[in-house]
Number of protein chains: 4
Amino acid sequence: MSTAGKPTAKAEARAQAQRERILVAAQKCFVVHGFHAASMANIADTAGMSAGLIYRYFKGKNDIILAIIERQLEEARADVAKLHATSDLVAGIAEVFQQWQANDPNITSAALFLELTAEATRDPEIAAATHASDKVFRADLAAWFERSSKDGGLGVPKQEVDTRVLMLQCLIEGLAMRAISQPDLSVAQVKTALERFLPSLLSAQV
Amino acid sequence: MSTAGKPTAKAEARAQAQRERILVAAQKCFVVHGFHAASMANIADTAGMSAGLIYRYFKGKNDIILAIIERQLEEARADVAKLHATSDLVAGIAEVFQQWQANDPNITSAALFLELTAEATRDPEIAAATHASDKVFRADLAAWFERSSKDGGLGVPKQEVDTRVLMLQCLIEGLAMRAISQPDLSVAQVKTALERFLPSLLSAQV
Amino acid sequence: MSTAGKPTAKAEARAQAQRERILVAAQKCFVVHGFHAASMANIADTAGMSAGLIYRYFKGKNDIILAIIERQLEEARADVAKLHATSDLVAGIAEVFQQWQANDPNITSAALFLELTAEATRDPEIAAATHASDKVFRADLAAWFERSSKDGGLGVPKQEVDTRVLMLQCLIEGLAMRAISQPDLSVAQVKTALERFLPSLLSAQV
Amino acid sequence: MSTAGKPTAKAEARAQAQRERILVAAQKCFVVHGFHAASMANIADTAGMSAGLIYRYFKGKNDIILAIIERQLEEARADVAKLHATSDLVAGIAEVFQQWQANDPNITSAALFLELTAEATRDPEIAAATHASDKVFRADLAAWFERSSKDGGLGVPKQEVDTRVLMLQCLIEGLAMRAISQPDLSVAQVKTALERFLPSLLSAQV
DNA sequence: TATGAATGAGCCTTCATTCAT
DNA sequence: TATGAATGAAGGCTCATTCAT
């Protein structure tokens, strides 16, 4: 009985690793084929395991998506946290745009982002997850905007925060669509635009 | 043989009407169920015809989507034309946002818009159609921005046009995502934001 | 429009024929493999059609069973009606027993009968159908028992009817099990037993 | 090597206990879910062991069923033995009926009984086991019927024994079906019927 | 032109069974 | 002896597409 803890911990670690393996494979497949077109067999192949095994770690295809949404939120929050440090929002957003345009597999693809959002329109579970995730992310942004500059924030006047956050999100998410719809849009152009209009969103003045 | 001309003309008109009927039905179905989840039987039902008949007018499901993208472009161009007249961009965009949020079936749904854009990432035909469509639309916007105000334009300095168009598109398309991800976002908030930041995009000054 | 009726009638006739074809095939498969072990592909093969087509006529596997239960009731009621005429219950029951023992494919097999009854323990829909069917059949039997002999009945005293019907059903259904569990039981033995004990169930006296 | 005997004996005892544990769990699962619907994982859970371990004690699912049939025979024989003692067959049968109707898990459920019997139609091994088991049980009953009343039997005339046993089995097994198909059948009704017709089966007179 | 019956491939999921540990 | 992760083979079902009528 005294040794019961160790095997369990080991097993749980392995289980977590498997879940991760599946999520990575699934994300890859979803990006390539789309959520509905990607088959479980597809994911299993990509993950290098049998299809049946996936069901030991996830309740079903929908469960996988839900987990991916959570991952996305974490990534996004981490990105925001990084921005605090650099404080160079223009460069940061431009880089994300570039990654989106290049379909960089290391970050959540723009296409998957759009597809998940669209899916929220139909699947209640995905809707709930998306909305909750979005709320948290917005709160993060708002806190950063509101915090004084000496605390690493932007010192945006309180009554302006919501409006600014809204605009910033539109801008970023709009760039996700641009990255797909306008493949010849250069990063330079994006940077130019951001340098021209971002300051008014971040300024401490009204 | 001498009468072959007239029936053909008539037939072609009918064919065009049938195509339209199918497209309308398909768009309705895609909005409700999503592109992949909407079945041909579904579309046929909605169009009030048999499933088999659709294949006389479209090569397949993908063909329908391609046609719908073209329709979207036409709608979007018409919207821009309307904006020229009203010139009240804030109200116009806010209304579109409201329709998106309400999932108004009379307008291309935000979800379908996102879904199609995402699909452009995978299907080369859809990509081509999307990119071409986007290019035309951007040109329309640019022309409007550049045209002098006495010609119904905005008189934006030439070197600023691309940047401004880009930002405006990000804003609008970003609102499409907001309409889905942030269901409690009020139109009033959107209007406030637009009134605050849109002017700088439309102003004739640098 | 005036010709709309005829094709529909024809189509409906064909649809009914298809349903019948499927039911016959399904019954065959269920008898051979059992309800759970028989696959839809199996049934489709036996019916000489594709698996997918079955779903045009039945909602699913369960739906088929439900239809079969209804068929069984009709057969059983028809059998009772025949008994009225012949009035030779011993011979009638003995024949059914023989058919059960021979696994005669023209009548509901004893095994399928047992399996369906067992399934009623788990599937609420099957339970409902089984109970309803049983009730109707019991009512038929009771009416026959109670009706006076000049009306083709048995003239069993009213207060005895339920008890007698119960015993008769136990006897018959018990024979279904005997037909399976005791393959060397001869029809002669069954007849002997029936002649010995059935009269007390059918007699008009208390 | 000199110590090989004792551990083996111990081991065999343990093995027997494990088999028993599995059988009890399996029976429970089969009663609840049915033979085909009960999964090995289910049984393993109920038995409080891993799925893989079951295969050390049974060749497979079918093997378990075979063992369960043997158990049933033993139970049934024990029941008959009890009847000798009480000699109140009406009460005994009524009680079994009640347990069947209540789906009492302490007794072989009526549904499982039917399911097994039906399965005998398909699986030769199960058929063999069922037939053998049934034969032994019938012999037990026959012996009891034939034995003189001073020896705890019923003293039924020899030439009548087979017929009476057959009828009694039909009655009991018929009640198994009634317990399922006629859920509103009261125990009182059953008792009334048994009191009315059982005596003629058990009487020492012809 | 129009129908809708029919097909067949493919999807998600389950589960008995095996095997490395 | 015991575990439970892993497999692989079905199974039920859906649906785009074809074709006889």
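Predicted model only: the values in this text are computed from it and were never measured. To find a chain, count down the sequence lines: A is the first, B the second, and so on, and within it residues start at 1.
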> Starting at CG of Asp45(D) and ending at C1' of dT3(F), how long is that distance when rounded to a whole Å?
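So the two atoms are 13 Å apart, to the nearest Å.
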> Kindly indicate, with the supporting measurements, whether the criterion side chain to side chain contact (heavy atoms under 4.5 Å, CB included) is fulfilled by Glu125(B) and Asp63(B).
CA-CA 9 Å; Glu125(B) 280 186 325; Asp63(B) 223 43; 5.6 Å; no
> Can you check the Arg19(B) CZ to dA2(E) C1' distance for me, whole Å?
18 Å
> Provide, to the nearest angstrom, the distance between the CD1 atom belonging to Ile43(B) and the P atom belonging to dG4(E).
17 Å
> Check the distance between dT14(F)'s P and His33(B)'s NE2 and give it to me in whole angstrom.
14 Å
> Quick one: stems involving DNA chain E, counted as three or more successive Watson-Crick or G-U pairs, both distances short of 3.5 Å.
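DNA chain E stems, ordered by first number: E:2-21 with F:2-21.
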> Do the side-chain N or O atoms of Ser50(D) get closer than 4.0 angstrom to the phosphate oxygens (OP1, OP2) of dG4(F)?
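Result: no.
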> Would Phe30(D) and Leu116(D) count as a side chain to side chain contact (heavy atoms under 4.5 Å, CB included) if you check the C-alpha gap in whole Å, the side-chain angles of each, and the deciding distance to 0.1 Å?
CA-CA 10 Å; Phe30(D) 290 162; Leu116(D) 284 179; over 6 Å; no
> Can you confirm if the NZ or CZ of Lys61(C) lies within 45° of the ring axis of Tyr55(C) and under 6.0 Å from the centre of its six-membered ring?
no
> Evaluate the criterion side-chain hydrogen bond (donor to acceptor under 3.5 Å, both in side chains) for residue pair Gln27(B) and Thr108(B); output intermediate values, then yes/no.
CA-CA 8 Å; Gln27(B) 179 139 354; Thr108(B) 298; 3.2 Å; yes
> Closest nucleotide of DNA chain E for Asn42(D) versus for Met49(C): which of these residues is on the 5' side?
Met49(C)
> Please check the phosphate of dA2(E) (OP1 and OP2 only) for any side-chain N or O of Arg21(B) closer than 4.0 Å.
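Looking at the OP1 and OP2 atoms of dA2(E), neither is under 4.0 Å from any side-chain N or O of Arg21(B).
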> Return the polar atom pairs (N/O with N/O) between nucleotides 12-15 of chain E and the protein under 3.5 Å, or none.
residue, atom, partner, partner atom, Å
dC12(E), OP1, Ala38(A), O, 3.4
dC12(E), OP1, Lys61(A), NZ, 2.7
dC12(E), OP2, Met40(A), N, 2.7
dT13(E), OP2, Tyr55(A), OH, 2.5
dT13(E), OP2, Lys61(A), N, 3.2
dT13(E), O5', Tyr55(A), OH, 3.2

> Which nucleotide in the set dT1(E), dA6(E), dA6(F) lies at the smallest distance from any side-chain heavy atom of Arg14(C)?
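For the Arg14(C) side chain, the nearest candidate turns out to be dA6(E).
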> Identify whether any heavy atom of Phe58(A) sits under 4.0 Å from a base atom; if not, whether one sits that close to sugar-phosphate; answer base, sugar-phosphate or nothing.
nothing
> Under the criterion side chain to side chain contact (heavy atoms under 4.5 Å, CB included), which of Thr130(B), Leu114(B), Ile126(B) is the partner of Glu119(B)?
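The passing option is Ile126(B).
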> Could you walk me through whether Phe35(A) and Asn62(A) pass the side chain to side chain contact (heavy atoms under 4.5 Å, CB included) test, one step at a time?
CA-CA 10 Å; Phe35(A) 174 47; Asn62(A) 244 333; 4.2 Å; yes
> Could you tell me the separation between the NE2 atom of His33(D) and the CZ atom of Arg122(C), rounded to the nearest 0.5 Å?
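Answer rounded to 0.5 Å: 9.5 Å.
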> Considering heavy-atom distances to DNA chain F, does Tyr57(D) or Ile54(A) have its closest nucleotide positioned more toward the 5' end?
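Looking at DNA chain F, the more 5' nearest nucleotide goes with Tyr57(D).
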> After noting the C-alpha distance and the side-chain angles of Glu12(D) and Arg19(D), does the key distance pass the salt bridge (charged side-chain N to carboxylate O under 4.0 Å, His left out) rule?
CA-CA 10 Å; Glu12(D) 207 139 299; Arg19(D) 283 180 62 94; over 6 Å; no
> For Lys10(A) and dG4(F), what is the distance between atoms NZ and C1' respectively, to the nearest whole Å?
15 Å
> Tell me whether Glu20(A) is salt-bridged to Arg71(A), with the criterion being a basic N under 4.0 Å from an acidic carboxylate O.
yes
> Looking at the side chain of Arg56(C), which of dA6(F), dG4(E), dT1(E) is the nearest nucleotide?
dG4(E)
